[in-house]
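Take a look at the structure below.
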Amino acid sequence: MNTWTVERAVEELRTAESARTARHPFTDDWPGLDLGTAYRVQSDLVAARVADGERIVGVKLGLTSRAKQRRMGVNAPLTGWLTDGMALDAGTPVPVDRLIHPRVEPEIVFTLGRRLEGPGVTPTSAMAAVRSVSAGLEVIDSRYRDFRFTLADVVADNASSACFVVGDVEADPAGLDLALEACVLGVAGAVVDTATGAAVQGHPARALALAANSLAERGLALEEGWIVLTGGMTDAVPLEPGRPITGEFTHLGTLTVWS
Ligand code: 0L1
Ligand code: MG
């Protein structure tokens, strides 16, 4: 008999996070976990954080680049939630004592000047809602062993969210070609990867439109003032003690995280 429920999955993910113990993906023994149910798990997971005092500050997209999709073996993008409890001030070490196996990836981040609601959002109408664009580094941390998961598993796990840093450059997107905005990713001073914004769905505006349209399928919208992480431009790299990770962007500044 299948005893899996949304409530049980939420409990298991919260336990994995607080005990810092990765588990096997739900779909190993819950093959019927579909995307609709996985998004209900995700929603209840973030509701539990809000009940604990956190506030939703935006949305993240995941698996929007081929580099990420190839590495994770999952060929579709997804969305997850960001809370103020996940935000790190630049200059603050990553709280690795709360994480299982953190990895870091560079992202282009939008801040919304007005509400953006799908369906039917296009890259152009999405950009009309953007107040500013910034650099970001996302620290991801899967609650699944070895980051092994299906799309439904990673949706349930709030897209491997852990922490994020947003840079203090708040650029007017009208002045930038975000498809050409480049990032050089370095670990301990050595370049390990590079990408431009075009890696993210061809243009990060497409990822923003995708987020709005995907939320609309669940009766939700992106709210004024929220930030949107548009997804890792490159593959994520492991965060190791004493090996700072730096994302150096062409126009959006340079960010470093370390533990
Ligand atoms: O663990 C993962 O790689 C899934 C989250 C994807 C994050 C991203 O592509 O930005
Ligand atoms: Mg990411």
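First listed ligand is number 1; within each ligand, the first listed atom is number 1.
Taking the six-membered ring for Trp and thresholds of 30 and 60 degrees, H101 and F147 have ring planes inclined between 30 and 60 degrees apart.
Side-chain contact check for T83 and E54: at least one donor-acceptor pair (N or O, by modelled atom type) lies under 3.5 Å. Using modelled atom types, one finds no donor on one side chain facing an acceptor on the other under 3.5 Å when comparing D89 with T92.
Counting only heavy atoms of the protein, atom 8 (C) of ligand 1 lies nearest to E105 OE2, 2.9 Å. Regarding atom 1 (O) of ligand 1, its nearest protein heavy-atom neighbour is S160 OG, 2.7 Å. Regarding atom 3 (O) of ligand 1, its nearest protein heavy-atom neighbour is K68 NZ, 2.7 Å. Summary of contacts: the protein heavy atom closest to atom 5 (C) of ligand 1 is A159 O, 3.3 Å. Looking at atom 9 (O) of ligand 1, its nearest protein heavy atom turns out to be L63 N, 2.7 Å.
The closest approach between S142 and ligand 1 stays at or above 4.0 Å for every heavy atom of the residue.
Within the listing of ligand 1, atoms 1 (O) sit less than 4.0 angstrom from a heavy atom of F147. Those atoms of ligand 1 that come under 4.0 Å of a heavy atom in F149, given as number and element, are 1 (O), 2 (C), 4 (C).
For S259 (side chain) and V94 (main-chain N/O), no donor-acceptor pair under 3.5 Å exists by modelled atom type.
A salt bridge is defined here as a Lys NZ or Arg NE, NH1 or NH2 lying under 4.0 Å from an Asp or Glu carboxylate O, and R49 with E17 meets this definition. Under 4.0 Å is where a charged nitrogen must lie from a carboxylate oxygen, and between R14 and E12 no such pair does. Ionic pairing of E223 and R115 is present here: one or more N-O contacts between side-chain nitrogen and carboxylate oxygen are shorter than 4.0 angstrom.
Under the rule for a side-chain hydrogen bond (donor to acceptor under 3.5 Å, both in side chains), the partners of T79 that lie at least two apart in sequence or sit in another chain are R218.
Under 4.0 angstrom from ligand 1, the non-hydrogen atoms of E107 all belong to its side chain.
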Would you check, one step at a time, whether the test side-chain hydrogen bond (donor to acceptor under 3.5 Å, both in side chains) holds for H203 with D177?
CA-CA 9 Å; H203 192 293; D177 183 343; 4.6 Å; no

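Counting heavy atoms of neighbouring residues, nucleotides and ligands inside a 6.0 Å radius, atom CZ of R20 exceeds 12 of them.
For ligand 1, one of its N or O atoms has an N or O atom of G232 under 3.5 Å away.
Under 2.8 Å from the Mg ion (ligand 2), one finds the following protein N/O/S atoms: E105 OE2, E107 OE2, E138 OE1.
Atom-to-atom distance recorded for L61:CG and L229:CG is 8.5 Å, nearest 0.5 angstrom.
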